[in-house]
Amino acid sequence: MKNEIKLLHKGKVRDVYAVGDKYLLIVASDRISAFDHILPTPVPGKGELLNRISLFWFERTKHIINNHIVTSDIEAIKSQVTGHKAQELDWEYLKGRAMLVRRTKRVNFECVVRGYITGSGWKEYLKAGTVCGIKLPAGLKEAQKLPEPIFTPTTKADHGHDENVTFEEMAAAFGVKKTRVIKAKSLELYNFAATYAEPRGIILADTKFEFGELEGHPDSGGGIILIDEALTPDSSRFWDKAAYKVGSSPESFDKQFVRDWLEKKSGWDKQPPPPDLPPEVVQGTLEKYQEALRRLTA
């Protein structure tokens, strides 16, 4: 039986539709966000690139943890949906940027794994010798590889800023057993992806994962699956291995290119409204994402 479709949520990048009671349709747009703001200038083609990279990793990591993917084939998706809203969708636009997924109860934490010290973690380390409250050895330099990857969850905010939390705080809210499962899977996913990417010229500095719970596994963690996106330039820092140097901000294949322009050249104070991106930044961002896809999937 086909399923009525209706828009549930427009996120910073993705639009999410309910497809009956069991499925969601997730559409990756060309929107780009930075510093908790959706920027007014889209990056044409970005949504398709994100979708292709996510689908690649969802397939590659099934041996570690199940994920929510049902299909990304547009004809198969069309066969599953009905209702007047389905007639309003631009199916040609959706091709390549849509995925039909299993509906889960979202775990309301973003599960960040850091293998290198950079970004906000580096700023905190300079002040306190910690990253997200985790004490690190003295004397680390910017962009240095950590002795071992660390799990640093945050709250999950649909709007506004995510807040760092400790493992213990996440466990108190979500349950110790299930939080242990998520921490272990997050670290395993990171280590697998970092090992895969390095010989292809990419250092995976850090990334974030999202998880959902399937019905029928209330306590054990056995119903936890990987959802949303996986190891994309939006959710990860991909550094160029050939240009990597400890002590400086490395060249990257992700949206750090946009962040750098916003912080160093735009004059923006990070208060709304954010500025338009100039054409060269839009094109440069697209090329970074294309290079990430090429290196990872070639």
Side-chain angles (χ1 to χ4, degrees), residues 32-35 43 46 49-50 52-54 56-57 60-61 64 110-132 134-152 154 164 186-209 229-265 280-298:
I32 189 166
S33 67
F35 305 114
V43 178
K46 170 178 170 283
L49 293 168
L50 291 179
R52 289 176 65 184
I53 293 172
S54 278
F56 170 82
W57 285 115
R60 286 272 174 168
T61 58
I64 296 173
E110 290 195 339
C111 299
V112 181
V113 180
R114 303 168 188 261
Y116 292 72
I117 187 164
T118 190
S120 62
W122 171 243
K123 293 175 183 177
E124 179 187 330
Y125 177 78
L126 289 176
K127 292 179 180 178
T130 61
V131 171
C132 299
I134 298 173
K135 187 70 175 177
L136 294 178
L140 295 179
K141 297 180 180 180
E142 184 180 6
Q144 186 168 343
K145 188 175 184 178
L146 297 174
E148 60 183 12
I150 57 175
F151 176 73
T152 58
T154 72
N164 294 331
S186 296
L187 290 167
E188 189 175 356
L189 285 164
Y190 171 85
N191 286 326
F192 173 82
T195 300
Y196 176 90
E198 188 168 355
R200 290 160 177 84
I202 288 180
I203 292 173
L204 178 60
D206 54 43
T207 194
K208 64 182 178 183
F209 302 108
E229 63 181 320
L231 296 151
T232 73
D234 267 16
S235 65
S236 315
R237 281 188 175 90
F238 293 140
W239 291 343
D240 184 355
K241 182 181 177 182
Y244 170 68
K245 184 179 179 182
V246 173
S248 63
S249 181
E251 182 179 342
S252 63
F253 305 115
D254 52 54
K255 68 177 179 180
Q256 189 62 41
F257 185 73
V258 173
R259 295 189 195 102
D260 287 345
W261 181 83
L262 289 169
E263 286 199 301
K264 299 173 183 178
K265 297 182 180 179
E280 63 271 18
V281 174
V282 172
Q283 183 61 31
T285 301
L286 185 61
E287 290 172 359
K288 298 281 187 182
Y289 282 50
Q290 288 170 333
E291 182 64 10
L293 174 68
R294 186 191 69 78
R295 292 195 183 197
L296 291 170
T297 64

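Count residues from 1 along the sequence. None of the values given here were measured: they were computed from a predicted structure.
- Shown here is Glu280, whose CD atom has more than 12 heavy atoms of other residues, nucleotides or ligands within 6.0 Å.
- Tyr289 is linked by a side-chain hydrogen bond (donor to acceptor under 3.5 Å, both in side chains) to Asp234, counting only residues two or more places apart in sequence or in another chain.
- Under the side-chain contact (heavy atoms from CB on, under 4.5 Å) test applied with Leu231, the options Trp57, Tyr196, Phe56 reduce to a single match, Trp57.
- The side-chain hydrogen bond (donor to acceptor under 3.5 Å, both in side chains) search around Asn191 returns none, not counting sequence neighbours.
- When only modelled atom types and interatomic distance are considered, Ser249 and Glu142 share no side-chain donor-acceptor pair under 3.5 Å.
- Evaluation of the side-chain hydrogen bond (donor to acceptor under 3.5 Å, both in side chains) rule for Lys208 yields Glu110 as partners, not counting sequence neighbours.
- Remark: Lys255 NZ to Ile32 CD1 distance equals 6.0 Å, nearest 0.5 Å.
- Every residue was checked against the ring-ring contact (aromatic ring centres under 6.0 Å, His included) condition with Phe257, not counting sequence neighbours, and none meets it.
- Using a distance-only test at 3.5 Å, with no hydrogens or angles considered, no donor-acceptor pair links the side chain of Tyr190 to the main chain of Phe151.
- Judged by distance alone, the side chain of Thr232 and the main-chain N or O of Ser235 form a donor-acceptor pair under 3.5 Å.
- In this structure, Pro199 has no side chain to side chain contact (heavy atoms under 4.5 Å, CB included) partners at least two apart in sequence or on a different chain.
- Of the candidates Asp206, Val246, Leu146, Ile203, Ile203 is the only one forming a side-chain contact (heavy atoms from CB on, under 4.5 Å) with Tyr116.
- Within the 4.5 Å cutoff, no side-chain heavy atoms of Trp239 are placed close to those of Gln256.
- Formation of a donor-acceptor pair under 3.5 Å by the Glu124 side chain with backbone atoms of Cys132 is found in this model.
- Here the CD1 atom belonging to Ile150 is positioned 13.0 Å from the OG atom belonging to Ser186, to the nearest 0.5 angstrom.
- Counted within 6.0 Å of CZ on Arg295, heavy atoms from surrounding residues, nucleotides or ligands total more than 12; the atom is thus considered enclosed.
- Proximity of Thr154 to Val112: side-chain heavy atoms (C-beta onward) are separated by under 4.5 Å at one or more points.
- A distance of 8.0 Å separates CZ in Arg200 from CG in Leu296, rounded to the nearest 0.5 Å.
- Remark: Glu251 engages no residue in a side-chain hydrogen bond (donor to acceptor under 3.5 Å, both in side chains) (not counting sequence neighbours).
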